[in-house]
Engineer: 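First the structure, which I've put down as structure tokens, then a few questions once you've had a look.
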Amino acid sequence: MADIIQEFNDYRSKMNEKLLADNNKIVKRIFNLDTNAYAAGALDVKTKELLGLVASAVLRCDDCVKYHLETSFKEGVTKEEMMEAMGIATLVGGTIVVPHLRRAYEFWEALEETTTTK
């Protein structure tokens with residue numbers, strides 16, 4: 001199942017390189033703003049990633065959900081914390097978020113597998 005993580009990261013990296021190589025000022029500024037927004041500030045990175053996860057789930061962006069899941073996992077978010085955040089996302093977004101909740105849970109399980117197979 002770790003393949004879904006590798007495939008996601010490979011595709012994301014490849015396409016980000018292409019987008020940034022195109023040298024579009026607006027795109028570069030948005031990428032930079034996104035990077036800086038999730039840096040530690042008044043809120044720690046872990047909290048910001050969970051906020052990003054909830055917003056991404058409500059907006060139904062699976063790529064964004066995967067990104068925030070992986071970063072949250074690396075920041076030490078527990079499965080219980082992730083599920084509580086996704087529960088809030090499902091409450092706010094409604095039942096239309098449930099398919100994204102399923103895929104998020106599957107991706108989280110893959111992340112957990114990476115730590116048990118090392």
Side-chain angles (χ1 to χ4, degrees):
M1 204 166 14
D3 289 345
I4 65 173
I5 299 167
Q6 192 63 49
E7 288 172 16
F8 170 72
N9 285 325
D10 289 348
Y11 178 77
R12 184 176 179 275
S13 293
K14 178 180 86 172
M15 294 311 298
N16 282 352
E17 284 178 28
K18 288 183 177 194
L19 289 167
L20 293 171
D22 198 40
N23 210 26
N24 181 293
K25 187 187 286 187
I26 295 168
V27 171
K28 284 187 171 190
R29 286 182 176 174
I30 289 171
F31 273 53
N32 183 267
L33 180 61
D34 183 70
T35 299
N36 288 320
Y38 288 94
L43 297 174
D44 61 13
V45 173
K46 183 176 166 179
T47 301
K48 287 183 175 187
E49 288 300 331
L50 288 171
L51 290 169
L53 175 62
V54 170
S56 297
V58 170
L59 292 170
R60 301 185 309 274
C61 177
D62 283 335
D63 278 7
C64 302
V65 167
K66 288 176 183 176
Y67 174 81
H68 289 294
L69 284 171
E70 187 170 11
T71 307
S72 293
F73 187 82
K74 290 176 181 175
E75 287 295 318
V77 169
T78 66
K79 186 176 193 174
E80 293 75 22
E81 290 170 326
M82 179 276 295
M83 283 303 297
E84 191 165 323
M86 289 299 293
I88 292 168
T90 307
L91 173 67
V92 171
T95 57
I96 198 165
V97 174
V98 171
H100 306 277
L101 174 62
R102 290 185 194 114
R103 287 188 288 275
Y105 197 89
E106 176 186 32
F107 198 78
W108 189 269
E109 285 182 329
L111 291 167
E112 288 178 324
E113 275 184 23
T114 64
T115 60
T116 58
T117 58
K118 287 185 180 179

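When reading the values below, keep in mind they use all heavy atoms of this one structure, side chains included, and skip hydrogens, waters and symmetry mates. Predicted model, so just to flag it, every value in this text is computed and none were measured.
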Engineer: Mind listing the closest non-hydrogen atom pair of M82 and L69 along with its distance?
Structural biologist: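 Nearest pair, atom of M82 first, then L69: CG-CD2, 3.5 Å.
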Engineer: Could you state whether V65 and I4 fall into the same hydrophobic cluster, counting links through intermediate Ile, Leu, Val, Met, Phe, Trp or Tyr residues with side-chain heavy atoms under 4.5 angstrom apart?
Structural biologist: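 Same hydrophobic cluster.
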Engineer: Just how far is it from atom CG of L50 to atom CG of D44, taken to the nearest 0.5 Å?
Structural biologist: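 If I round to the nearest 0.5 Å, the distance is 9.0 Å.
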Engineer: Does the plane of the ring in F73 sit parallel, tilted or perpendicular to the ring in W108? Use 30° and 60° as the thresholds.
Structural biologist: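 Ring orientation, 0 to 90° scale: perpendicular.
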Engineer: What distance separates T78 OG1 from E84 CD, expressed to the nearest 0.5 Å?
Structural biologist: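 So the OG1 of T78 and the CD of E84 are separated by 9.0 Å.
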Engineer: Quick one, E113 and I5 - any side-chain contact, counting heavy atoms below 4.5 Å?
Structural biologist: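 They are not in contact (no side-chain heavy atoms under 4.5 Å apart), so the answer is no.
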Engineer: Could you report the tightest heavy-atom contact between I26 and N24, atom names first, then the distance?
Structural biologist: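 So the two residues come closest at N-OD1, 2.9 Å.
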Engineer: Taking all non-hydrogen atoms of both residues, which atom of G93 and which atom of V58 are closest, and how far apart?
Structural biologist: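 Where G93 meets V58 most closely, the heavy atoms are N-CG2, 4.1 Å.
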Engineer: Could you tell me which non-hydrogen atom of E49 sits nearest to which non-hydrogen atom of S72, and how far apart they are?
Structural biologist: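 Of all heavy-atom pairs spanning E49 and S72, the closest is CB-OG, 3.3 Å.
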Engineer: Determine whether V77 and L53 make a side-chain contact, defined as any pair of heavy atoms from C-beta on separated by less than 4.5 Å.
Structural biologist: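 A side-chain contact is absent here, since even the closest heavy-atom pair is not under 4.5 Å.
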Engineer: Rounded to the nearest 0.5 Å, what separates atom CD in E17 from atom CG in D22?
Structural biologist: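 Between E17 CD and D22 CG, I get 13.5 Å after rounding to 0.5 Å.
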Engineer: Does atom OH of Y11 have more than 12 heavy-atom neighbours, drawn from other residues, nucleotides or ligands, at distances under 6.0 Å?
Structural biologist: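 Open: at most 12 neighbouring heavy atoms sit under 6.0 Å from OH of Y11.
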Engineer: Quick one: closest heavy-atom pair of A104 and M86, and the distance?
Structural biologist: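 The pair with the smallest heavy-atom distance is CB-CE, 3.8 Å.
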Engineer: Do F8 and L111 share a hydrophobic cluster (ILVMFWY, side-chain heavy atoms under 4.5 Å, transitive)?
Structural biologist: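 They do share one cluster, since a chain of ILVMFWY contacts under 4.5 Å joins F8 to L111.
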Engineer: Would you say that more than 12 heavy atoms from the other residues, nucleotides or ligands in this model lie under 6.0 Å from the CD of E75, or not?
Structural biologist: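 Enclosed.
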Engineer: Quick one: do F107 and V97 end up in the same hydrophobic cluster if we chain Ile, Leu, Val, Met, Phe, Trp and Tyr together by side-chain heavy atoms under 4.5 Å apart?
Structural biologist: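 Unlinked, F107 and V97 end up in two clusters.
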Engineer: Return the NZ to CG distance between K28 and N23, rounded to the nearest 0.5 Å.
Structural biologist: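 Those atoms lie 4.0 Å apart.
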Engineer: For a 4.5 angstrom cut-off between non-hydrogen side-chain atoms, does Y38 reach V45?
Structural biologist: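 No. Closest side-chain heavy atoms not under 4.5 Å.
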Engineer: Please indicate whether K79 has more than 12 foreign heavy atoms, meaning atoms of other residues, nucleotides or ligands, lying under 6.0 Å from its NZ.
Structural biologist: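 Above 12, so yes.
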Engineer: So, K48 side chain and A40 main chain: donor-acceptor pair closer than 3.5 Å or not?
Structural biologist: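 No, K48 side chain to A40 backbone: no donor-acceptor pair under 3.5 Å.
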Engineer: Taking it one step at a time, do K66 and E70 satisfy salt bridge (Lys or Arg N to Asp or Glu O under 4.0 Å)?
Structural biologist: CA-CA 6 Å; K66 288 176 183 176; E70 187 170 11; over 6 Å; no
Engineer: Any chance you could measure L19, atom CG, to F31, atom CZ, to the nearest 0.5 Å?
Structural biologist: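 It is 5.0 Å, given to the nearest 0.5 Å.
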Engineer: With the 4.5 Å side-chain cut-off for hydrophobic clustering, are I30 and L59 part of the same group?
Structural biologist: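 No, I30 does not connect to L59 through the hydrophobic network.
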Engineer: Give, for atom CZ of R60 and atom CD1 of I96, the distance between the pair rounded to the nearest 0.5 Å.
Structural biologist: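 Those atoms lie 4.0 Å apart.
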Engineer: Side chain of T71, backbone of H68: donor and acceptor closer than 3.5 Å?
Structural biologist: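 No, T71 side chain to H68 backbone: no donor-acceptor pair under 3.5 Å.
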